[in-house]
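For reference, the structure discussed in these notes is given below.
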Amino acid sequence: MNETPGSVVNVTRSLAGDAWSDLRRNKIFWGAAVLVVVVLTMAAVPSLFTSADPASCTLGNQHKGPSGGAIFGYDFQGCDVFARTVHGTRNSIQVGILSTLLAGILGIAFGLTAGYFGGAVDAVLSRLTDIWLGVPFLLGAIVLSGRLSAGEKNDGVMAVTLTLGVLTWTSSARVMRSSVITAKSQDYVAAARMLGAGPARLMFRHILPNSIASVIVVLTLLLGANIATEATLSYLGVGLKGGALSWGLQIADAQSYARIAAAPLIWPSAFLAATVLAFIMLGDAIRDAFDPKLR
Amino acid sequence: MFRYVVRRLLQMILTFFGATFVVFALMFANQDDPVQALAGEKPVSDSLRAQLTERYHLDEGFLGQYWYYMQGLLTGDLGRSLTGREISTVLSEAWPVTLRLSLMAIVIAAVIAIVAGVYSGIRRGSLFDNGVLAVTLLLLAMPIVVLAPTAQLVFGMELGWFPATASRNASFYAMLLPAIVLATTVVATELRVTRTSVVENLRSDYVRTARAKGLTPRRVTWVHVLRNSLIPVITLIGVDLGTLMSGALITEEVFNIPGVGLKLAQGIRNEDGPMVVGFVSILVIIFLFVNLLVDLLYAALDPRIRYE
(Lines give C-alpha, C1' and ligand atoms only; values in the text may rest on other atoms or scores of the structure.)
Protein backbone atom coordinates (compact mmCIF):
# COMPACT_ATOMS: atom_id res chain seq x y z
CA MET A 1 0.00 0.00 0.00
CA ASN A 2 1.41 3.37 -0.87
CA GLU A 3 -0.23 5.66 1.59
CA THR A 4 -0.17 9.35 0.98
CA PRO A 5 -1.99 11.81 3.23
CA GLY A 6 -4.67 12.46 0.65
CA SER A 7 -5.55 8.82 0.08
CA VAL A 8 -5.87 7.70 3.68
CA VAL A 9 -9.63 7.46 3.41
CA ASN A 10 -9.42 5.63 0.10
CA VAL A 11 -6.95 3.11 1.45
CA THR A 12 -9.23 2.31 4.38
CA ARG A 13 -12.19 1.96 2.11
CA SER A 14 -10.36 -0.25 -0.34
CA LEU A 15 -9.20 -2.59 2.44
CA ALA A 16 -12.79 -2.91 3.61
CA GLY A 17 -13.91 -3.19 -0.01
CA ASP A 18 -11.42 -5.98 -0.61
CA ALA A 19 -12.62 -7.79 2.46
CA TRP A 20 -16.24 -7.38 1.41
CA SER A 21 -15.67 -8.80 -2.05
CA ASP A 22 -13.92 -11.75 -0.37
CA LEU A 23 -16.75 -12.25 2.08
CA ARG A 24 -19.43 -12.10 -0.58
CA ARG A 25 -18.06 -15.24 -2.18
CA ASN A 26 -17.67 -17.10 1.14
CA LYS A 27 -20.44 -19.63 1.75
CA ILE A 28 -19.57 -20.05 5.43
CA PHE A 29 -19.97 -16.29 5.89
CA TRP A 30 -23.47 -16.38 4.41
CA GLY A 31 -24.47 -19.40 6.48
CA ALA A 32 -23.25 -17.72 9.65
CA ALA A 33 -24.83 -14.40 8.68
CA VAL A 34 -28.25 -15.98 8.13
CA LEU A 35 -28.02 -17.73 11.50
CA VAL A 36 -26.96 -14.48 13.19
CA VAL A 37 -29.89 -12.60 11.65
CA VAL A 38 -32.32 -15.28 12.87
CA VAL A 39 -30.85 -15.13 16.38
CA LEU A 40 -30.93 -11.32 16.44
CA THR A 41 -34.57 -11.33 15.32
CA MET A 42 -35.38 -13.84 18.03
CA ALA A 43 -33.71 -11.57 20.58
CA ALA A 44 -35.52 -8.45 19.36
CA VAL A 45 -39.02 -9.85 18.78
CA PRO A 46 -39.42 -13.23 20.51
CA SER A 47 -43.19 -13.07 20.01
CA LEU A 48 -42.64 -13.69 16.29
CA PHE A 49 -41.58 -17.23 17.15
CA THR A 50 -43.82 -18.14 20.05
CA SER A 51 -47.03 -16.72 21.42
CA ALA A 52 -46.71 -18.54 24.74
CA ASP A 53 -45.73 -16.63 27.87
CA PRO A 54 -42.43 -18.05 29.18
CA ALA A 55 -43.37 -17.13 32.75
CA SER A 56 -46.70 -18.95 32.84
CA CYS A 57 -45.99 -22.43 34.10
CA THR A 58 -48.44 -25.06 35.31
CA LEU A 59 -47.04 -27.82 37.52
CA GLY A 60 -49.67 -30.13 36.05
CA ASN A 61 -47.73 -30.01 32.79
CA GLN A 62 -44.52 -31.26 34.42
CA HIS A 63 -42.28 -33.06 31.91
CA LYS A 64 -45.14 -33.49 29.44
CA GLY A 65 -44.23 -34.19 25.86
CA PRO A 66 -44.69 -31.79 22.94
CA SER A 67 -48.19 -30.46 22.38
CA GLY A 68 -49.75 -27.51 20.56
CA GLY A 69 -47.43 -24.49 20.67
CA ALA A 70 -44.99 -26.15 23.09
CA ILE A 71 -43.12 -28.05 20.39
CA PHE A 72 -40.26 -29.01 22.76
CA GLY A 73 -42.55 -30.13 25.58
CA TYR A 74 -42.52 -28.94 29.20
CA ASP A 75 -39.84 -28.82 31.90
CA PHE A 76 -39.85 -29.76 35.58
CA GLN A 77 -41.76 -26.65 36.59
CA GLY A 78 -44.26 -27.25 33.81
CA CYS A 79 -43.00 -24.33 31.71
CA ASP A 80 -43.06 -24.33 27.91
CA VAL A 81 -39.45 -25.21 26.93
CA PHE A 82 -39.69 -23.65 23.48
CA ALA A 83 -41.05 -20.36 24.82
CA ARG A 84 -38.39 -20.16 27.54
CA THR A 85 -35.60 -20.98 25.10
CA VAL A 86 -36.76 -18.38 22.55
CA HIS A 87 -37.22 -15.70 25.18
CA GLY A 88 -33.82 -16.57 26.68
CA THR A 89 -32.13 -15.39 23.46
CA ARG A 90 -32.47 -11.72 24.35
CA ASN A 91 -30.43 -11.90 27.55
CA SER A 92 -27.68 -13.92 25.91
CA ILE A 93 -27.38 -11.57 22.95
CA GLN A 94 -27.66 -8.44 25.06
CA VAL A 95 -24.98 -9.56 27.51
CA GLY A 96 -22.77 -10.72 24.64
CA ILE A 97 -22.99 -7.52 22.59
CA LEU A 98 -22.76 -5.03 25.45
CA SER A 99 -19.87 -6.81 27.17
CA THR A 100 -17.99 -7.05 23.88
CA LEU A 101 -18.56 -3.33 23.23
CA LEU A 102 -17.27 -2.52 26.71
CA ALA A 103 -14.24 -4.75 26.19
CA GLY A 104 -13.65 -3.08 22.81
CA ILE A 105 -13.80 0.44 24.21
CA LEU A 106 -11.44 -0.43 27.07
CA GLY A 107 -9.10 -2.35 24.81
CA ILE A 108 -8.95 0.39 22.18
CA ALA A 109 -8.40 3.08 24.82
CA PHE A 110 -5.61 1.12 26.52
CA GLY A 111 -4.00 -0.03 23.28
CA LEU A 112 -4.13 3.39 21.62
CA THR A 113 -2.65 5.14 24.65
CA ALA A 114 0.08 2.55 25.18
CA GLY A 115 1.00 2.31 21.51
CA TYR A 116 0.93 6.04 20.78
CA PHE A 117 2.83 7.34 23.79
CA GLY A 118 5.22 4.40 24.21
CA GLY A 119 7.95 4.58 26.86
CA ALA A 120 6.88 4.71 30.50
CA VAL A 121 3.15 4.93 29.70
CA ASP A 122 3.43 1.81 27.58
CA ALA A 123 5.44 -0.02 30.26
CA VAL A 124 2.87 0.72 32.96
CA LEU A 125 -0.13 -0.18 30.79
CA SER A 126 1.51 -3.35 29.49
CA ARG A 127 2.33 -4.54 33.03
CA LEU A 128 -1.29 -3.84 33.96
CA THR A 129 -2.39 -5.99 31.03
CA ASP A 130 -0.04 -8.74 32.24
CA ILE A 131 -1.58 -8.65 35.72
CA TRP A 132 -5.01 -8.95 34.17
CA LEU A 133 -3.90 -11.92 32.06
CA GLY A 134 -2.39 -13.47 35.19
CA VAL A 135 -5.84 -14.11 36.64
CA PRO A 136 -7.39 -17.26 35.17
CA PHE A 137 -10.39 -15.84 33.36
CA LEU A 138 -13.29 -17.88 34.73
CA LEU A 139 -12.01 -17.69 38.31
CA GLY A 140 -11.83 -13.91 38.11
CA ALA A 141 -15.28 -13.84 36.58
CA ILE A 142 -16.72 -15.99 39.38
CA VAL A 143 -15.40 -13.68 42.09
CA LEU A 144 -16.32 -10.45 40.29
CA SER A 145 -19.70 -11.54 38.98
CA GLY A 146 -20.59 -13.15 42.31
CA ARG A 147 -19.84 -9.85 43.98
CA LEU A 148 -21.73 -7.69 41.47
CA SER A 149 -24.80 -9.92 41.21
CA ALA A 150 -25.30 -10.15 44.98
CA GLY A 151 -28.64 -8.92 46.27
CA GLU A 152 -32.21 -10.12 46.19
CA LYS A 153 -33.62 -7.98 43.42
CA ASN A 154 -30.59 -8.25 41.15
CA ASP A 155 -31.22 -10.35 38.02
CA GLY A 156 -27.50 -10.31 37.23
CA VAL A 157 -27.69 -8.95 33.67
CA MET A 158 -25.64 -5.82 34.40
CA ALA A 159 -23.31 -7.80 36.67
CA VAL A 160 -22.38 -10.33 33.99
CA THR A 161 -22.07 -7.64 31.30
CA LEU A 162 -19.66 -5.59 33.42
CA THR A 163 -17.70 -8.66 34.52
CA LEU A 164 -17.18 -9.93 30.98
CA GLY A 165 -16.31 -6.49 29.65
CA VAL A 166 -13.83 -5.73 32.40
CA LEU A 167 -12.11 -9.12 32.15
CA THR A 168 -11.84 -9.58 28.39
CA TRP A 169 -10.41 -6.30 27.10
CA THR A 170 -6.82 -7.53 27.25
CA SER A 171 -6.65 -9.31 23.90
CA SER A 172 -8.03 -6.33 21.98
CA ALA A 173 -5.68 -4.01 23.89
CA ARG A 174 -2.66 -6.06 22.81
CA VAL A 175 -3.78 -6.24 19.20
CA MET A 176 -4.58 -2.52 19.18
CA ARG A 177 -1.23 -1.61 20.71
CA SER A 178 0.77 -3.48 18.10
CA SER A 179 -1.20 -2.12 15.17
CA VAL A 180 -0.96 1.42 16.58
CA ILE A 181 2.82 1.04 16.81
CA THR A 182 2.88 -0.01 13.14
CA ALA A 183 0.55 2.80 12.05
CA LYS A 184 2.43 5.42 14.07
CA SER A 185 5.59 5.11 12.01
CA GLN A 186 3.82 5.43 8.64
CA ASP A 187 4.62 8.34 6.39
CA TYR A 188 1.12 9.80 6.44
CA VAL A 189 1.30 10.17 10.22
CA ALA A 190 4.64 11.94 9.96
CA ALA A 191 3.18 14.19 7.25
CA ALA A 192 0.15 15.04 9.36
CA ARG A 193 2.41 15.81 12.31
CA MET A 194 4.52 18.14 10.18
CA LEU A 195 1.36 19.90 9.07
CA GLY A 196 0.82 20.72 12.74
CA ALA A 197 -1.69 18.08 13.86
CA GLY A 198 -1.77 17.60 17.63
CA PRO A 199 -1.71 14.24 19.48
CA ALA A 200 -5.50 14.04 19.70
CA ARG A 201 -5.96 14.64 15.97
CA LEU A 202 -3.18 12.20 15.07
CA MET A 203 -4.59 9.53 17.33
CA PHE A 204 -8.26 9.77 16.42
CA ARG A 205 -8.18 11.03 12.84
CA HIS A 206 -5.19 9.18 11.44
CA ILE A 207 -4.02 6.27 13.60
CA LEU A 208 -7.32 4.96 14.98
CA PRO A 209 -9.12 4.40 11.64
CA ASN A 210 -6.05 2.64 10.27
CA SER A 211 -5.53 0.25 13.14
CA ILE A 212 -9.06 -0.62 14.15
CA ALA A 213 -9.71 -3.41 11.62
CA SER A 214 -7.73 -6.06 13.50
CA VAL A 215 -9.47 -5.16 16.76
CA ILE A 216 -12.89 -5.56 15.17
CA VAL A 217 -11.92 -9.07 14.10
CA VAL A 218 -10.81 -9.94 17.65
CA LEU A 219 -14.07 -8.53 19.00
CA THR A 220 -16.29 -10.56 16.66
CA LEU A 221 -14.66 -13.74 17.93
CA LEU A 222 -14.95 -12.46 21.51
CA LEU A 223 -18.69 -11.99 21.10
CA GLY A 224 -19.24 -15.73 20.66
CA ALA A 225 -16.95 -16.53 23.57
CA ASN A 226 -18.74 -14.05 25.87
CA ILE A 227 -22.13 -15.57 25.09
CA ALA A 228 -20.73 -18.97 26.06
CA THR A 229 -19.21 -17.58 29.26
CA GLU A 230 -22.48 -15.96 30.28
CA ALA A 231 -24.13 -19.39 30.09
CA THR A 232 -21.29 -20.89 32.12
CA LEU A 233 -21.55 -18.26 34.85
CA SER A 234 -25.34 -18.59 34.97
CA TYR A 235 -24.95 -22.36 35.18
CA LEU A 236 -22.67 -21.95 38.19
CA GLY A 237 -25.09 -19.57 39.88
CA VAL A 238 -23.05 -16.37 39.64
CA GLY A 239 -24.57 -15.07 36.41
CA LEU A 240 -28.18 -14.37 35.58
CA LYS A 241 -30.52 -15.52 38.29
CA GLY A 242 -33.90 -15.21 39.87
CA GLY A 243 -36.59 -14.79 37.28
CA ALA A 244 -34.15 -13.96 34.48
CA LEU A 245 -34.28 -16.23 31.43
CA SER A 246 -30.96 -17.70 30.43
CA TRP A 247 -29.89 -20.78 28.52
CA GLY A 248 -27.27 -21.48 31.16
CA LEU A 249 -29.91 -21.45 33.90
CA GLN A 250 -32.18 -23.70 31.85
CA ILE A 251 -29.34 -26.19 31.39
CA ALA A 252 -28.54 -26.13 35.11
CA ASP A 253 -32.19 -26.69 36.06
CA ALA A 254 -32.81 -29.43 33.51
CA GLN A 255 -29.62 -31.36 34.18
CA SER A 256 -30.84 -33.00 37.40
CA TYR A 257 -33.86 -34.43 35.58
CA ALA A 258 -32.08 -35.34 32.34
CA ARG A 259 -32.73 -39.04 32.89
CA ILE A 260 -36.49 -38.42 33.05
CA ALA A 261 -36.83 -35.67 30.47
CA ALA A 262 -34.02 -34.89 28.04
CA ALA A 263 -35.77 -32.21 25.95
CA PRO A 264 -35.49 -29.35 28.51
CA LEU A 265 -31.72 -29.99 28.54
CA ILE A 266 -31.18 -30.59 24.83
CA TRP A 267 -32.96 -27.57 23.35
CA PRO A 268 -31.35 -24.70 25.27
CA SER A 269 -28.00 -26.48 24.71
CA ALA A 270 -28.65 -26.64 20.97
CA PHE A 271 -29.66 -22.97 20.79
CA LEU A 272 -26.60 -21.92 22.77
CA ALA A 273 -24.22 -24.00 20.65
CA ALA A 274 -25.76 -22.77 17.39
CA THR A 275 -25.53 -19.11 18.46
CA VAL A 276 -21.92 -19.39 19.57
CA LEU A 277 -21.06 -21.31 16.40
CA ALA A 278 -22.69 -18.62 14.23
CA PHE A 279 -20.71 -15.80 15.82
CA ILE A 280 -17.44 -17.75 15.76
CA MET A 281 -17.88 -18.67 12.09
CA LEU A 282 -18.72 -15.06 11.29
CA GLY A 283 -15.59 -13.91 13.13
CA ASP A 284 -13.48 -16.54 11.38
CA ALA A 285 -14.76 -15.48 7.96
CA ILE A 286 -14.20 -11.78 8.68
CA ARG A 287 -10.69 -12.45 9.94
CA ASP A 288 -9.83 -14.43 6.83
CA ALA A 289 -11.15 -11.60 4.68
CA PHE A 290 -9.21 -8.89 6.50
CA ASP A 291 -6.02 -10.87 6.96
CA PRO A 292 -5.48 -13.40 4.17
CA LYS A 293 -2.07 -14.29 5.62
CA LEU A 294 -3.68 -16.16 8.51
CA ARG A 295 -5.62 -18.49 6.29
CA MET B 1 18.80 -16.19 29.52
CA PHE B 2 19.62 -15.33 33.15
CA ARG B 3 18.39 -11.79 32.76
CA TYR B 4 15.23 -13.09 31.17
CA VAL B 5 14.59 -15.46 34.08
CA VAL B 6 15.07 -12.65 36.60
CA ARG B 7 12.81 -10.29 34.68
CA ARG B 8 10.16 -12.94 34.27
CA LEU B 9 10.31 -13.72 38.03
CA LEU B 10 9.93 -10.06 38.97
CA GLN B 11 7.01 -9.79 36.61
CA MET B 12 5.41 -12.84 38.18
CA ILE B 13 5.75 -11.43 41.70
CA LEU B 14 4.10 -8.22 40.53
CA THR B 15 1.28 -10.20 38.91
CA PHE B 16 0.92 -12.34 42.02
CA PHE B 17 0.41 -9.33 44.29
CA GLY B 18 -1.83 -7.61 41.78
CA ALA B 19 -4.06 -10.65 41.28
CA THR B 20 -4.38 -11.59 44.96
CA PHE B 21 -5.03 -7.96 45.83
CA VAL B 22 -7.92 -7.83 43.36
CA VAL B 23 -9.37 -11.10 44.68
CA PHE B 24 -9.04 -9.93 48.28
CA ALA B 25 -10.51 -6.50 47.55
CA LEU B 26 -13.57 -8.14 45.99
CA MET B 27 -14.05 -10.41 48.97
CA PHE B 28 -13.54 -7.53 51.39
CA ALA B 29 -16.12 -5.44 49.58
CA ASN B 30 -18.50 -8.40 49.65
CA GLN B 31 -18.90 -8.76 53.38
CA ASP B 32 -21.73 -6.88 55.04
CA ASP B 33 -21.36 -8.42 58.46
CA PRO B 34 -18.81 -11.24 58.47
CA VAL B 35 -19.43 -12.04 62.15
CA GLN B 36 -23.11 -12.60 61.49
CA ALA B 37 -22.24 -14.64 58.40
CA LEU B 38 -20.07 -16.90 60.57
CA ALA B 39 -22.83 -17.40 63.13
CA GLY B 40 -25.49 -18.06 60.53
CA GLU B 41 -29.01 -17.19 61.60
CA LYS B 42 -28.25 -17.26 65.33
CA PRO B 43 -28.07 -13.95 67.24
CA VAL B 44 -24.52 -12.99 68.19
CA SER B 45 -23.76 -11.90 71.76
CA ASP B 46 -21.48 -8.90 72.30
CA SER B 47 -18.72 -10.95 73.90
CA LEU B 48 -18.75 -13.50 71.06
CA ARG B 49 -18.70 -10.65 68.55
CA ALA B 50 -15.65 -9.14 70.24
CA GLN B 51 -13.95 -12.52 70.36
CA LEU B 52 -14.58 -13.26 66.67
CA THR B 53 -13.53 -9.74 65.66
CA GLU B 54 -10.31 -10.28 67.58
CA ARG B 55 -9.66 -13.72 66.10
CA TYR B 56 -10.27 -12.72 62.48
CA HIS B 57 -8.62 -9.28 62.79
CA LEU B 58 -11.83 -7.64 61.63
CA ASP B 59 -10.97 -4.33 63.30
CA GLU B 60 -7.74 -3.93 61.36
CA GLY B 61 -9.11 -2.14 58.31
CA PHE B 62 -8.55 -3.10 54.69
CA LEU B 63 -4.76 -3.08 54.47
CA GLY B 64 -4.34 -4.76 57.83
CA GLN B 65 -6.62 -7.59 56.80
CA TYR B 66 -4.86 -7.89 53.47
CA TRP B 67 -1.61 -8.28 55.39
CA TYR B 68 -3.01 -11.18 57.44
CA TYR B 69 -4.52 -12.73 54.33
CA MET B 70 -1.15 -12.65 52.53
CA GLN B 71 0.57 -14.04 55.60
CA GLY B 72 -1.88 -16.92 55.72
CA LEU B 73 -1.58 -17.53 52.00
CA LEU B 74 2.21 -17.68 52.08
CA THR B 75 2.31 -20.00 55.10
CA GLY B 76 -0.36 -22.32 53.71
CA ASP B 77 -3.00 -21.28 56.24
CA LEU B 78 -6.12 -20.55 54.24
CA GLY B 79 -8.44 -20.22 57.22
CA ARG B 80 -11.73 -22.01 57.70
CA SER B 81 -14.68 -22.30 55.41
CA LEU B 82 -18.13 -21.32 56.67
CA THR B 83 -18.78 -24.99 57.38
CA GLY B 84 -15.92 -24.87 59.87
CA ARG B 85 -13.45 -27.09 58.03
CA GLU B 86 -9.87 -26.06 57.38
CA ILE B 87 -9.79 -24.91 53.76
CA SER B 88 -6.32 -26.40 53.31
CA THR B 89 -7.69 -29.81 54.39
CA VAL B 90 -10.53 -29.61 51.89
CA LEU B 91 -8.04 -28.61 49.23
CA SER B 92 -5.57 -31.40 50.03
CA GLU B 93 -8.38 -33.96 49.78
CA ALA B 94 -9.67 -32.58 46.52
CA TRP B 95 -6.58 -31.87 44.44
CA PRO B 96 -5.41 -35.44 43.70
CA VAL B 97 -8.77 -36.15 42.05
CA THR B 98 -8.54 -33.03 39.88
CA LEU B 99 -4.90 -33.70 39.07
CA ARG B 100 -5.75 -37.18 37.81
CA LEU B 101 -8.65 -35.91 35.73
CA SER B 102 -6.62 -33.07 34.21
CA LEU B 103 -3.60 -35.26 33.44
CA MET B 104 -5.82 -37.73 31.63
CA ALA B 105 -7.41 -34.87 29.71
CA ILE B 106 -4.04 -33.34 28.82
CA VAL B 107 -2.69 -36.66 27.50
CA ILE B 108 -5.85 -37.41 25.50
CA ALA B 109 -5.88 -33.91 24.01
CA ALA B 110 -2.17 -33.95 23.18
CA VAL B 111 -2.25 -37.35 21.47
CA ILE B 112 -5.27 -36.49 19.32
CA ALA B 113 -4.01 -32.99 18.54
CA ILE B 114 -0.53 -34.11 17.52
CA VAL B 115 -1.49 -37.14 15.42
CA ALA B 116 -4.44 -35.50 13.66
CA GLY B 117 -2.64 -32.13 13.42
CA VAL B 118 0.41 -33.61 11.72
CA TYR B 119 -1.68 -35.64 9.28
CA SER B 120 -3.83 -32.70 8.29
CA GLY B 121 -0.74 -30.49 8.00
CA ILE B 122 0.87 -32.97 5.58
CA ARG B 123 -2.30 -33.42 3.54
CA ARG B 124 -3.32 -29.81 3.53
CA GLY B 125 -6.54 -29.21 1.58
CA SER B 126 -7.47 -32.89 1.56
CA LEU B 127 -10.81 -34.27 2.64
CA PHE B 128 -9.26 -35.35 5.96
CA ASP B 129 -7.86 -31.86 6.56
CA ASN B 130 -11.14 -30.12 5.81
CA GLY B 131 -13.02 -32.62 7.96
CA VAL B 132 -10.65 -32.04 10.86
CA LEU B 133 -10.96 -28.26 10.51
CA ALA B 134 -14.76 -28.51 10.52
CA VAL B 135 -14.71 -30.69 13.63
CA THR B 136 -12.39 -28.29 15.47
CA LEU B 137 -14.68 -25.39 14.56
CA LEU B 138 -17.62 -27.30 16.04
CA LEU B 139 -15.62 -28.06 19.17
CA LEU B 140 -14.56 -24.43 19.54
CA ALA B 141 -18.21 -23.41 19.38
CA MET B 142 -19.35 -25.97 21.97
CA PRO B 143 -19.39 -24.36 25.39
CA ILE B 144 -18.46 -26.81 28.13
CA VAL B 145 -21.88 -26.25 29.75
CA VAL B 146 -23.38 -27.76 26.60
CA LEU B 147 -20.83 -30.48 26.05
CA ALA B 148 -20.57 -31.96 29.55
CA PRO B 149 -24.30 -32.44 30.31
CA THR B 150 -25.00 -33.65 26.76
CA ALA B 151 -22.14 -36.16 26.83
CA GLN B 152 -23.31 -37.40 30.22
CA LEU B 153 -26.87 -37.76 28.92
CA VAL B 154 -25.95 -39.50 25.68
CA PHE B 155 -22.97 -41.72 26.61
CA GLY B 156 -23.61 -42.09 30.32
CA MET B 157 -27.38 -42.49 30.49
CA GLU B 158 -28.96 -43.24 27.12
CA LEU B 159 -26.29 -45.47 25.59
CA GLY B 160 -24.84 -46.53 28.94
CA TRP B 161 -21.29 -46.90 27.60
CA PHE B 162 -19.75 -45.14 30.57
CA PRO B 163 -20.75 -44.60 34.21
CA ALA B 164 -22.70 -41.32 34.47
CA THR B 165 -20.81 -40.15 37.56
CA ALA B 166 -17.37 -40.76 39.03
CA SER B 167 -16.46 -40.98 42.71
CA ARG B 168 -13.22 -40.13 44.50
CA ASN B 169 -11.68 -43.56 43.87
CA ALA B 170 -13.18 -43.94 40.41
CA SER B 171 -11.57 -46.45 38.09
CA PHE B 172 -9.68 -45.32 35.02
CA TYR B 173 -12.68 -46.28 32.94
CA ALA B 174 -15.15 -44.25 35.02
CA MET B 175 -12.89 -41.19 34.66
CA LEU B 176 -12.57 -41.65 30.91
CA LEU B 177 -15.75 -39.86 29.81
CA PRO B 178 -15.17 -36.78 32.01
CA ALA B 179 -11.53 -36.71 30.85
CA ILE B 180 -12.58 -36.84 27.18
CA VAL B 181 -15.09 -34.04 27.79
CA LEU B 182 -12.41 -31.95 29.48
CA ALA B 183 -9.95 -32.72 26.68
CA THR B 184 -12.34 -31.36 24.05
CA THR B 185 -12.02 -27.88 25.60
CA VAL B 186 -8.36 -27.67 24.59
CA VAL B 187 -7.92 -30.15 21.75
CA ALA B 188 -9.20 -27.83 18.99
CA THR B 189 -6.67 -25.03 19.56
CA GLU B 190 -3.80 -27.48 20.08
CA LEU B 191 -4.68 -29.28 16.87
CA ARG B 192 -4.89 -26.09 14.84
CA VAL B 193 -1.57 -24.82 16.15
CA THR B 194 0.11 -28.17 15.39
CA ARG B 195 -1.33 -28.15 11.89
CA THR B 196 -0.23 -24.58 11.15
CA SER B 197 3.29 -25.10 12.39
CA VAL B 198 3.63 -28.38 10.48
CA VAL B 199 2.53 -26.57 7.32
CA GLU B 200 5.10 -23.84 7.94
CA ASN B 201 7.92 -26.22 8.82
CA LEU B 202 7.34 -28.37 5.74
CA ARG B 203 8.32 -25.36 3.64
CA SER B 204 11.52 -24.64 5.56
CA ASP B 205 15.09 -25.06 4.40
CA TYR B 206 16.05 -27.76 6.87
CA VAL B 207 13.27 -30.00 5.58
CA ARG B 208 14.50 -29.51 2.01
CA THR B 209 18.02 -30.37 3.20
CA ALA B 210 16.82 -33.47 5.04
CA ARG B 211 14.98 -34.62 1.94
CA ALA B 212 17.98 -33.89 -0.25
CA LYS B 213 20.12 -36.05 2.05
CA GLY B 214 17.84 -38.92 1.08
CA LEU B 215 16.05 -39.40 4.42
CA THR B 216 12.76 -41.26 4.23
CA PRO B 217 9.64 -39.08 4.20
CA ARG B 218 8.50 -40.75 7.41
CA ARG B 219 11.69 -39.80 9.23
CA VAL B 220 11.54 -36.24 7.91
CA THR B 221 7.95 -35.83 9.11
CA TRP B 222 7.94 -37.58 12.46
CA VAL B 223 11.43 -36.58 13.60
CA HIS B 224 12.51 -33.34 11.95
CA VAL B 225 9.20 -31.59 11.36
CA LEU B 226 7.38 -32.89 14.43
CA ARG B 227 10.11 -31.83 16.87
CA ASN B 228 10.12 -28.28 15.61
CA SER B 229 6.36 -28.13 15.35
CA LEU B 230 5.87 -29.10 18.97
CA ILE B 231 7.57 -25.99 20.34
CA PRO B 232 4.59 -23.65 19.87
CA VAL B 233 2.27 -26.42 21.10
CA ILE B 234 4.15 -26.56 24.39
CA THR B 235 3.52 -22.88 25.07
CA LEU B 236 -0.15 -23.60 24.61
CA ILE B 237 -0.11 -25.85 27.67
CA GLY B 238 0.37 -22.76 29.84
CA VAL B 239 -2.49 -20.94 28.18
CA ASP B 240 -4.64 -24.07 28.23
CA LEU B 241 -4.27 -24.43 31.97
CA GLY B 242 -6.74 -21.60 32.50
CA THR B 243 -9.18 -23.25 30.09
CA LEU B 244 -8.68 -26.61 31.80
CA MET B 245 -9.39 -25.04 35.19
CA SER B 246 -12.69 -23.57 34.05
CA GLY B 247 -13.46 -26.80 32.18
CA ALA B 248 -12.75 -28.89 35.28
CA LEU B 249 -15.09 -26.70 37.29
CA ILE B 250 -18.04 -27.58 35.06
CA THR B 251 -16.98 -31.16 34.28
CA GLU B 252 -16.60 -32.05 37.96
CA GLU B 253 -19.89 -30.39 38.79
CA VAL B 254 -21.71 -32.29 36.04
CA PHE B 255 -20.13 -35.70 36.71
CA ASN B 256 -20.14 -35.19 40.47
CA ILE B 257 -16.39 -35.77 40.82
CA PRO B 258 -15.21 -34.58 44.27
CA GLY B 259 -12.28 -32.51 43.01
CA VAL B 260 -11.25 -28.87 43.36
CA GLY B 261 -13.80 -27.77 40.79
CA LEU B 262 -16.76 -29.39 42.54
CA LYS B 263 -15.69 -27.98 45.93
CA LEU B 264 -15.35 -24.53 44.38
CA ALA B 265 -18.75 -24.84 42.70
CA GLN B 266 -20.26 -25.88 46.04
CA GLY B 267 -18.56 -22.94 47.72
CA ILE B 268 -20.11 -20.61 45.15
CA ARG B 269 -23.56 -22.12 45.60
CA ASN B 270 -23.40 -21.92 49.42
CA GLU B 271 -22.00 -18.38 49.24
CA ASP B 272 -19.00 -19.59 51.21
CA GLY B 273 -16.77 -16.52 50.67
CA PRO B 274 -13.62 -17.69 52.51
CA MET B 275 -13.71 -21.01 50.66
CA VAL B 276 -14.09 -19.40 47.22
CA VAL B 277 -11.35 -16.86 47.85
CA GLY B 278 -9.01 -19.48 49.32
CA PHE B 279 -9.44 -21.80 46.36
CA VAL B 280 -9.23 -19.03 43.78
CA SER B 281 -6.03 -17.66 45.35
CA ILE B 282 -4.34 -21.06 45.26
CA LEU B 283 -5.46 -21.67 41.67
CA VAL B 284 -4.11 -18.26 40.64
CA ILE B 285 -0.74 -19.15 42.16
CA ILE B 286 -0.66 -22.51 40.35
CA PHE B 287 -1.63 -20.80 37.10
CA LEU B 288 1.18 -18.23 37.44
CA PHE B 289 3.79 -20.87 38.28
CA VAL B 290 2.90 -23.17 35.41
CA ASN B 291 2.98 -20.24 33.01
CA LEU B 292 6.41 -19.24 34.29
CA LEU B 293 7.68 -22.81 33.85
CA VAL B 294 6.27 -23.03 30.35
CA ASP B 295 7.89 -19.73 29.36
CA LEU B 296 11.26 -20.88 30.66
CA LEU B 297 10.86 -24.26 28.98
CA TYR B 298 10.05 -22.49 25.74
CA ALA B 299 13.24 -20.45 25.92
CA ALA B 300 15.27 -23.56 26.74
CA LEU B 301 13.73 -25.69 23.98
CA ASP B 302 14.28 -23.31 21.13
CA PRO B 303 17.75 -21.79 21.14
CA ARG B 304 16.72 -19.49 18.31
CA ILE B 305 14.55 -17.60 20.76
CA ARG B 306 16.74 -15.08 22.50
CA TYR B 307 15.35 -13.00 25.28
CA GLU B 308 17.33 -9.97 26.30
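Bear in mind the structure is a predicted one, so any value in this text is a computation, not a measurement. Sequence lines set the chain letters: A, B, ... in the order given, protein chains first and strands last, and positions in each chain run from 1.
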Most chain B-contacting option - heavy-atom pairs closer than 4.5 Å, from A:Asp284, A:Ile266, A:Leu277: A:Leu277
Just wondering, are more than 12 heavy atoms of other shown residues or ligands nearer than 6.0 Å to CD1 in A:Ile28? no
Mind listing the closest non-hydrogen atom pair of B:Val280 and A:Leu139 along with its distance? CG1-CB, 4.1 Å
Flag the pair A:Tyr235 / B:Ile144 as yes when at least one side-chain heavy-atom distance between them is below 4.5 Å, and no otherwise. no
Heavy-atom closest pair, residues B:Pro143 and A:Ala273: CD-CA, 4.4 Å
Closest approach of B:Val145 to A:Ala231 (non-hydrogen atoms, all atoms of both residues): CG2-CB, 4.0 Å
Contact leader toward chain A among B:Leu140, B:Leu138, B:Thr196, B:Val254, where contacts are heavy-atom pairs under 4.5 Å: B:Val254
Proximal component of B:Leu264, with respect to chain A [non-hydrogen, under 4.5 Å]: side chain
Heavy-atom distance under 4.5 Å between the side chains of B:Leu137 and A:Met281, does that happen here? yes
Does any part of the side chain of B:Pro149, heavy atoms only, come nearer than 4.5 Å to the side chain of A:Ile251, both counted from C-beta? yes
Most contact-rich option vs chain A, by heavy-atom pairs under 4.5 angstrom, among B:Val276, B:Asn291, B:Leu14, is B:Leu14
Most contact-rich option vs chain B, by heavy-atom pairs under 4.5 angstrom, among A:Ile142, A:Leu148, A:Val238, is A:Ile142
Heavy-atom contact with chain A under 4.5 Å, split by part of B:Leu288: side chain
Kindly indicate whether the side chain of B:Ile250, heavy atoms from C-beta on, has any atom under 4.5 Å from the side chain of A:Leu236. yes
Does atom CG of B:Leu10 have more than 12 heavy-atom neighbours from other groups under 6.0 Å away? yes
Surrounding CE of B:Met245 (heavy atoms of other residues, nucleotides or ligands, distance under 6.0 Å), is the total greater than 12? yes
